[in-house]
Amino acid sequence: MPITQRSIAANGITLHVAEAGEGPPVLLCHGFPESWRSWRHQLEALAAAGFRAIAPDMRGYGGSEAPPAVEDYTLLHLIGDMVGLLDALGLPQAAIVGHDWGAPVAWNAALLRPDRFPAVAGLSVPFSPRGPASPTEALRRAGRHRFYQLYFQEPGIAEADLEGDAEVTLRRTLWSLSGNPPEAERWRPDLPEAGFLASLAEPPALPPWLPAAELAELAAIYRRTGFRGGLNWYRNIERNWRLMAPFAGLTLRQPSLFITGTADPVLGWTRPAVEALPQRLPGFRGAVMLEGIGHWVQQEAPEAVNRALIDFLRGAGIASN
């Protein structure tokens, strides 16, 4: 089925949205540094399975609006965008799926608005409740001052690092966090003094899941937009922790699923949260661990991810044609 694209006014901004199929809606939220295209395989598969797949460029990315103020990228803004998108499309509900930074958007959208999001799946980043200290403060207390999320905090520094050559940045990022490099060459989140780009390896060749044309298209997007919109999500980690205080202790009860790759570097620090999912999520339907797959799970292993998502949605009562 064809993928169509259009711009939609939602939550006070304009979102660029890709869609495919008809039937029960499934909202797909991408992460950093990506675009709606990271869901290209899922758009086609979900449509073929009888669902209406909807993949926006998230706030600050691609063809969607990028407000200039850092504080306009909080988790509440991002969840508000997804609720506003449903309103603009005339949809009372949608299952929601998120990868990387899109996963916290999906988890917390389901947590705060169970009336709008009856099922949720997270890829790469597991659900984690609000802790007693902000994640950035916890990192500083642990002495992890070179952790990449802290490096991204100061506006301008990471932009200068990443925007010299967008294609080089994206090629190295997509390779180094994938399951393809040898163990010794995989990305580590505690950065060298030289910065983020210096933490990434140059691939000997593009992996089969990343065609040259796809990389070129993504690089063209980032040459136009820069990386600031996505980086601003990281700059709200502390603010998000404060804003979520009223919702501490809420339980996410809808049917839920987690998918990750065993070679995903993010698993190195999120494994305790993954292991706690059965206790934290009453509606948890399981974790799909894909052997040898890295961070870009829906692109590296599209068939396995498609199968897991479709089975989950049907099992959760999200009926398709």
Side-chain angles (χ1 to χ4, degrees), residues 13-16 29-38 56-78 81 98-105 124-125 134-137 139-140 144-178 187-203 210 214-241 243 265-266 295-296:
I13 66 170
T14 300
L15 295 176
H16 175 254
C29 306
H30 71 77
F32 178 86
E34 298 177 276
S35 76
W36 74 263
R37 294 192 60 83
S38 69
D57 279 337
M58 303 295 281
R59 174 183 290 241
Y61 285 91
S64 289
E65 197 167 334
V70 170
E71 59 268 22
D72 285 344
Y73 292 83
T74 73
L75 198 54
L76 296 185
H77 285 88
L78 304 171
D81 291 347
H99 169 253
D100 183 80
W101 249 115
V105 175
S124 181
V125 177
S134 79
T136 51
E137 180 60 27
L139 286 166
R140 294 186 180 100
R144 300 188 70 178
H145 300 290
R146 297 301 301 174
F147 197 75
Y148 76 104
Q149 293 178 3
L150 296 182
Y151 175 74
F152 286 168
Q153 292 302 305
E154 184 64 32
I157 293 176
E159 284 90 336
D161 187 9
L162 302 183
E163 292 175 1
D165 188 323
E167 186 158 333
V168 169
T169 296
L170 293 164
R171 182 173 67 241
R172 292 182 181 180
T173 301
L174 293 169
W175 166 261
S176 297
L177 276 74
S178 75
W187 178 74
R188 303 290 187 270
D190 292 290
L191 305 182
E193 287 297 323
F196 184 77
L197 193 60
S199 73
L200 306 169
E202 179 67 31
L210 182 61
E214 187 62 38
L215 175 61
E217 183 136 4
L218 189 64
I221 292 171
Y222 278 90
R223 277 194 291 269
R224 177 173 55 81
T225 66
F227 289 80
R228 175 158 294 190
L231 290 167
N232 281 342
W233 291 39
Y234 291 93
R235 292 164 185 158
N236 280 280
I237 291 175
E238 171 79 26
R239 190 175 284 111
N240 289 338
W241 179 79
L243 288 172
V266 174
H295 185 65
W296 320 106

Between His30 and Asp100, do the side chains contain an N or O donor and an N or O acceptor separated by less than 3.5 Å?
no

Pair Phe196 + Tyr151: ring centers closer than 6.0 Å
no

Arg228 vs Glu163, salt bridge (charged side-chain N to carboxylate O under 4.0 Å, His left out): CA-CA, chis, key distance, verdict
CA-CA 9 Å; Arg228 175 158 294 190; Glu163 292 175 1; over 6 Å; no

What are the two closest non-hydrogen atoms of Leu150 and Arg144, and how far apart are they?
CD1-O, 3.3 Å

So, the side chain of Arg59 versus the backbone of Asp72: is there a donor-acceptor pair under 3.5 Å, distance only?
yes

In Trp233, Tyr234, Tyr222, Trp296, the residue satisfying ring-ring contact (aromatic ring centres under 6.0 Å, His included) with Phe32 is Tyr234

Side-chain contact, heavy-atom cut-off 4.5 Å: Gln149 with Thr136?
no

If every non-hydrogen atom of Gly62 is compared with every non-hydrogen atom of Thr225, which pair is closest and at what distance?
O-CG2, 3.5 Å

Nearest heavy atoms of Pro33 and Phe227, plus distance in Å
CB-CE2, 4.0 Å

Interatomic distance, Arg188 atom CZ to Phe147 atom CZ [nearest 0.5 angstrom]
13.0 Å

Ring centres of Trp101 and Tyr61 under 6.0 Å apart?
no

Glu214/Arg37 ion pair, N-O < 4.0 Å
yes

Please determine if Arg146 and Asp190 form a salt bridge, counting it only when a charged side-chain N lies under 4.0 Å from a carboxylate O.
no

Just do the side chain to side chain contact (heavy atoms under 4.5 Å, CB included) check on Asp81 and Met58 with the steps written out, would you?
CA-CA 8 Å; Asp81 291 347; Met58 303 295 281; over 6 Å; no

Check Gly195 against Asp161 and note the closest heavy-atom contact, atom names and distance.
C-OD2, 3.6 Å

If I take atom CG from residue Leu197 and atom OG1 from residue Thr173, how far apart are they, to the nearest 0.5 angstrom?
7.0 Å

Could you check whether Arg235 pairs with Glu154 (Lys NZ or Arg NE/NH1/NH2 to Asp/Glu carboxylate O, under 4.0 Å)?
no

Looking at CZ of Arg223 and CG of Leu170, how far apart are the two atoms once the value is rounded to the nearest 0.5 Å?
9.0 Å

Please lay out, stage by stage, how Leu174 and Arg171 fare under the test side chain to side chain contact (heavy atoms under 4.5 Å, CB included).
CA-CA 5 Å; Leu174 293 169; Arg171 182 173 67 241; over 6 Å; no

Do Trp36 and Pro56 have side chains that approach each other closer than 4.5 Å (heavy atoms only, starting at C-beta)?
no

Can you check side chain to side chain contact (heavy atoms under 4.5 Å, CB included) on Glu65 and Leu15, steps first, answer last?
CA-CA 6 Å; Glu65 197 167 334; Leu15 295 176; over 6 Å; no

Any side-chain donor near an acceptor of the partner, Glu34 and His99, under 3.5 Å:
yes

How long is the span from the CZ atom in Arg239 to the CG atom in Leu243, to the nearest 0.5 Å?
7.5 Å

Do Ser64 and Thr14 have side chains that get closer than 4.5 Å, going by heavy atoms?
no

Does the Tyr73 side chain pair with the main chain of Pro67, one donor and one acceptor, at a distance under 3.5 Å?
yes

Interatomic spacing from CG in Asp165 to CZ in Arg172 - rounded to 0.5 Å
9.0 Å

What closest approach, in Å, do Cys29 and Val105 show between heavy atoms, and which atom pair accounts for it?
SG-CG1, 4.5 Å

Testing Ser178, Ser199, Ser176 for side-chain hydrogen bond (donor to acceptor under 3.5 Å, both in side chains) with Trp187, which one passes?
Ser199

Passes side chain to side chain contact (heavy atoms under 4.5 Å, CB included), Gln153 versus Leu231? Steps please.
CA-CA 8 Å; Gln153 292 302 305; Leu231 290 167; over 6 Å; no

Can you see which heavy atom on Ser134 is nearest to which on Glu238, and at what distance?
OG-OE1, 2.6 Å

So OG of Ser35 and CG of Leu218: to nearest 0.5 Å the spacing works out to 5.5 Å

